Amino acid sequence: MSRRGSGLDVIVVGAGVVGAAAALAFARDGLQVALVETRQPPAWQKLPTDSDRIDLRVYAFAPDNAALLDNLGVWRDVADARLQPYRAMRVWDAAGGGELSFDADAFGRRELGWIVEHALLVDRLWHALPGAGVQLHCPDSVVALEQDDAGATVMLESGISLRSKIVVAADGAESKLRSLAGIEAPRHDYGQRGLVAFVESGKPHRSTCWQRFLPTGPLAFLPFDDGHVSSIVWTLPDAEAQRLLDVDDATFLRELDNAFAGTLGESRCVSRRAAFPLRLQLAQSLASGRVAVIGDAAHAVHPLAGQGVNLGLRDVATLRRILADARSRGLDLAARLPRWARAQRSENALSAHAFDGINRLFSNDSVAATLLRGPLLGLAGKLPPLTHAFWRHAAGQ
């Protein structure tokens with residue numbers, strides 16, 4: 001087995017949005033970084049929504065994470081390619097009651113956030129890696145891990161051995177590195193799937209994120225262009241999601257518009273449909289020895305608040321700060337990991353269980369829940385300090 005990179009400070013395993021951002025951040029801070037990924041992502045192209053090859057995965061990107069990517073030198077490249085700001089949010093329940101609303105003007109902002117494609121973020125982050133000096137091992141994967149008082153060694157499938165001061169697991173919910181580090185991550189499957197697609201609505205979306213709670217789960221329309229095209233995320237029981245994947249476009253659109261109560265007029269399909277399983281999964285610890293766990297490897301949450309990638313990038317930002325603090329004090333880079341892990345896991349668990357509680361309250365048709373949830377939304381919408389607190393938390397402020 002050949003040994004390379006013995007002078008590394010950090011090895012990041014997994015090069016999706018969170019892993020690539022982590023590797024880039026650490027390299028920008030002057031650390032020697034290696035990044036391990038099983039496959040190179042396809043190059044992003046500005047495809048129309050009716051292309052069969054367009055990525056259906058989009059994120060509601062928060063301001064603090066836009067600031068992080070701006071600091072890393074990639075946000076402008078993302079914005080120049082394709083980026084849709086949203087200026088308002090409207091949330092209401094199908095059973096009636098009040099509405100919870102957020103408006104950029106009320107917060108003194110031009111926008112509340114941005115809708116951005118997963119594939120575009122990954123593409124721009126990958127383009128920045130070589131210039132930052134990140135050592136890329138792709139395609140490759142971790143098969144073994146060893147730790148001692150001086151560092152950590154990962155063995156790759158290619159036969160290469162890498163040694164560094166810390167190792168960061170960003171390799172997704174099924175993280176191999178997390179398992180090798182002995183960290184368990186109990187999972188609760190919701191028995192739901194998130195059905196996603198792009199649709200064109202009869203009425204303009206007005207740069208607004210719309211979400212209607214139904215007994216089967218929330219239905220969200222996220223603005224994707226300047227006019228009528230939105231990305232939908234529809235939470236449904238497994239069997240119902242599969243049924244709606246299988247029906248023809250006319251049937252799907254009829255049920256979609258009925259579920260959304262015609263809020264944006266009649267819809268038209270402009271993409272294929274897909275669905276992904278939903279789960280709640282929290283790693284029992286975010287650190288073990290010299291291994292730190294971030295992103296989906298640390299937490300998989302319900303998508304109803306669009307916070308999954310935002311939580312992952314906040315892992316990056318806080319880990320970046322504690323590594324910088326350790327360096328400034330002349331400490332081992334792993335010295336601050338236990339403290340970071342406790343604080344960050346507490347923050348992530350609070351968010352994850354809050355999303356879980358909201359999903360349980362709004363995704364059922366019990367009489368008590370039905371009578372309660374609409375008035376709760378209305379009450380929250382009538383209390384500006386509470387509305388501002390909700391948004392500040394979602395925005396990472």
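The figures that follow rest on heavy atoms only: side chains count, while hydrogens, waters and symmetry mates do not. All residue numbers refer to positions in the sequence shown, counting from 1. Given the structure is predicted, the values throughout are model-derived calculations rather than measurements.
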For atom CG of D226, is the number of surrounding heavy atoms from other residues, nucleotides or ligands below 6.0 Å larger than 12?
no
Is a donor on one side and an acceptor on the other found under 3.5 Å between the side chain of D140 and the backbone of E157?
yes
Do P237 and T216 touch side chain to side chain, with heavy atoms closer than 4.5 Å?
yes
Side-chain donor-acceptor pair under 3.5 Å between W114 and Q84, yes or no?
no
For P223 versus S207, what's the shortest heavy-atom pair and its separation?
CG-C, 4.0 Å
Residues Q192 and T235: side-chain donor-acceptor under 3.5 angstrom:
no
Count the heavy atoms belonging to other residues, nucleotides or ligands that lie under 6.0 Å from CD of E266, then report whether that count exceeds 12.
no
Are any of the side-chain heavy atoms of W92 and L100 separated by less than 4.5 Å?
no
4.5 Å side-chain heavy-atom contact, F198 and D50:
no
V199 side chain near H228 side chain, heavy-atom distance below 4.5 Å
no
Identify all side-chain donor-acceptor contacts of residues 8-21 below 3.5 Å with residues at least two apart in sequence or on another chain.
{"residue": "D9", "atom": "OD1", "partner": "K165", "partner atom": "NZ", "Å": "3.1"}
{"residue": "D9", "atom": "OD2", "partner": "Q32", "partner atom": "N", "Å": "2.7"}

Distance-only side-chain donor-acceptor flag, Q242 / D246, under 3.5 Å
yes
Consider side-chain hydrogen bond (donor to acceptor under 3.5 Å, both in side chains). Of D148, D332, D149, which one does R290 pass it with?
D332
Is there a side-chain contact between D315 and H299 (heavy atoms, below 4.5 Å)?
yes
Describe, in one word, how the ring planes of F107 and F102 are oriented to each other, choosing from parallel (under 30°), tilted (30 to 60°) and perpendicular (over 60°).
parallel
Quick one: is the NZ or CZ of R320 closer than 6.0 Å to the six-membered ring centre of F26, and within 45° of its axis?
no
Using modelled atom types only, decide if a donor and an acceptor are shared between the side chain of S346 and the backbone of A343 within a distance under 3.5 Å.
no
Are the side chains of L125 and L24 in touch, meaning some heavy atoms are under 4.5 Å apart?
yes
Strictly distance-based, threshold 3.5 Å: is any side-chain N or O of N348 a donor or acceptor partner for the main-chain N or O of Q344?
yes
Please check if any side-chain donor atom of T153 sits under 3.5 Å from a side-chain acceptor atom of R163, or the reverse.
yes
Check: T318/W340 side-chain N/O donor and acceptor closer than 3.5 Å:
yes
Are L56 and R272 packed together at the side-chain level, in the sense that at least one heavy-atom pair is separated by less than 4.5 angstrom?
yes
Crowded around R339 CZ? As in, over 12 foreign heavy atoms under 6.0 Å?
no
Between W234 and F252, how do the two ring planes meet: parallel, tilted or perpendicular, split at 30° and 60°?
tilted
